[in-house]
Number of protein chains: 2
Amino acid sequence: MAERIEGLRLPRTQRRQQILTAAAQAFAETGFHGTSLADVATRVGVSQPGLLHHFPSKQALILAVLEERDAEDARYLDEVFQQADPSVVDWLVVLCAKNAQRPELVQLYTVAAAESLDPAHPAHEFFQRRYQRIRQVLAARIELDQQKGLIDPVHVPEDLASELVALMDGLQLQWLMRPPVDMCGLLRRRLARLSAAAGVAAGVAAGHGGDRSDD
Amino acid sequence: MAERIEGLRLPRTQRRQQILTAAAQAFAETGFHGTSLADVATRVGVSQPGLLHHFPSKQALILAVLEERDAEDARYLDEVFQQADPSVVDWLVVLCAKNAQRPELVQLYTVAAAESLDPAHPAHEFFQRRYQRIRQVLAARIELDQQKGLIDPVHVPEDLASELVALMDGLQLQWLMRPPVDMCGLLRRRLARLSAAAGVAAGVAAGHGGDRSDD
DNA sequence: GTCTATAAATCGATAGAC
DNA sequence: GTCTATCGATTTATAGAC
């Protein structure tokens, strides 16, 4: 958006938002090393030093992009689940449905997470902390769901959290490829077995199971 | 390995192997765009034009690396399962155990697959074909296992194939981070439920299930 | 807040000697 | 098969005018 108008002066926050949006797209497509500041600047319609006026370095730019998107996500999920704290299944299904509407953002995180394995990558520590945090939050929710009888108590919460995060990451990758897999459908079916099994176990009590074997 | 000896002349195939090894490490660490030919050349102990004598371009180099490693993998798996065709569970467990011994290679594929989402990436078509092929092969094996009663027939083979590939990819990513997750342990436990469930279903016949709820 | 100009380094790739 | 030399383009970042 926005045709190039040379030297047009914009309010600080507005220009910053433009830059963050353009940078997110660029980093998603070509990664950190494959993206030049000139790429981003051109998308915004600003000169490359003009871009560096708002973010002091390329490293600062990608970190700002990642943190801004995380904060945006947190706001969205807080809004959807205002009062009640949702079950793990509901939480992940809503998140996946949201992600299905923004492939660029999913690609940004897929690419950046992989790149960040390099200790010299600017987002290396960011992603290490992020994965620890996500697993912790998810494990805590799993434990709550287990107490409510929504998830089979045989699962170790931390293990199931790692598995579900892995599944989502992997499905996102294949969903971004061609032909795309049915990311949300596959996740939903996997999650349905978690709750269905616990429902059977909790509802029928112990001693005799349902007809459905397993997943 | 190999301390730098200027101008040392090596046989074609040997030098090519050196280059492929060094390039695999470099691309794994910093990705395609983040790796320079000079990086790779220095690791090998050769000049940058000397490197380009063996591979005509950077693009040709990364493609050669990826194809060579795929072929190596195929040879290894053929060797392990010489006569019998293994079950899906055995096949994936062996593959995961092998991968656990070579984090650099796992990282190469994790990073390259994510980068390759960009249509302009040299390995874009390579990875699209690769994922299609892997899912097909895995789905065919799943179908065979289902006929043998090793895997619950409720699963759509193509769907389970996508899910297992996703799980492995995602676990690899978390295994490469710190703290690392127990990649093979988590995979094994997930796979155990696939076979245990079918075992129960097949062994006890239909109509009444076991005590174990689900996964 | 945005620009032009430019520094200083590095990139992939080629030419040609040995 | 390997090198030195080099081209031409691109990179991040800074200096300073407006």
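Just so we're clear, the structure is a prediction, and the values are computed from it rather than from any experiment. Chain letters run A, B, ... following the sequence lines, proteins first, then strands; residues in each count from 1.
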Once you round it to whole Å, what is the distance between C1' of dT10(C) and NE2 of H33(B)?
16 Å
Of all the nucleotides listed (dG1(D), dA13(C), dA13(D)), which has the minimum atom distance to the side chain of Q48(B)?
dA13(C)
Sorted by position of nearest nucleotide on DNA chain C, 5' first, the leading residue of H53(A) and P49(A) is H53(A)
Y109(B) versus N99(B), side-chain donor and acceptor atoms under 3.5 Å
no
Round to the nearest Å and state the distance from L10(A) atom CG to dC3(C) atom P.
10 Å
I'd like to know if R189(A) and D182(A) make a salt bridge, using a cut-off of under 4.0 Å between side-chain N and carboxylate O.
yes
Is F126(B) close to D70(B) at the side-chain level, that is, under 4.5 Å between some pair of heavy atoms?
yes
Considering only heavy atoms, which members of residues 54-64 of chain B lie under 4.0 Å from some atom of DNA chain D?
H54(B)
On the nucleotide dC3(C), are OP1 or OP2 found under 4.0 Å from the side-chain N or O atoms that R9(A) carries?
no
Of the nucleotides dG1(D), dC3(D), dA13(D), which one has an atom closest to the side chain of S47(B)?
dC3(D)
Among side-chain atoms of D159(B) and S162(B), is any donor-acceptor pair under 3.5 angstrom?
no
Strictly below 4.0 Å: does R12(B) bring a side-chain N or O up to OP1 or OP2 of dG1(D)?
yes
Which part of the nucleic acid, if any, lies within contact of L37(A), taking any heavy atom under 4.0 Å across all strands shown: a base, the sugar-phosphate backbone alone, or nothing?
sugar-phosphate
If the threshold is 4.0 Å, N to carboxylate O, is there a salt bridge linking E163(A) and R190(A)?
yes
Proximity to DNA chain C (any heavy atom under 4.0 Å), residues of residues 111-122 of chain B only
none
Let me know the distance between CG of L51(B) and C1' of dT4(D), rounded to the nearest Å.
16 Å
Does R178(B) CZ have over 12 foreign heavy atoms under 6.0 Å away?
no
Side-chain heavy atoms of P179(B) within contact of Q132(A), under 4.5 Å
yes
Counting only side-chain N and O atoms of S36(A), is one of them less than 4.0 Å from OP1 or OP2 of dT11(D)?
yes
What integer distance in Å separates Q18(B):CD from dG1(D):P?
13 Å
Got a second to check how far H54(B)'s NE2 is from Q18(B)'s CD, nearest 0.5 Å?
9.0 Å
Please report the interatomic distance CG(L63(B)) to CD(E68(B)), rounded to the nearest 0.5 Å.
13.0 Å
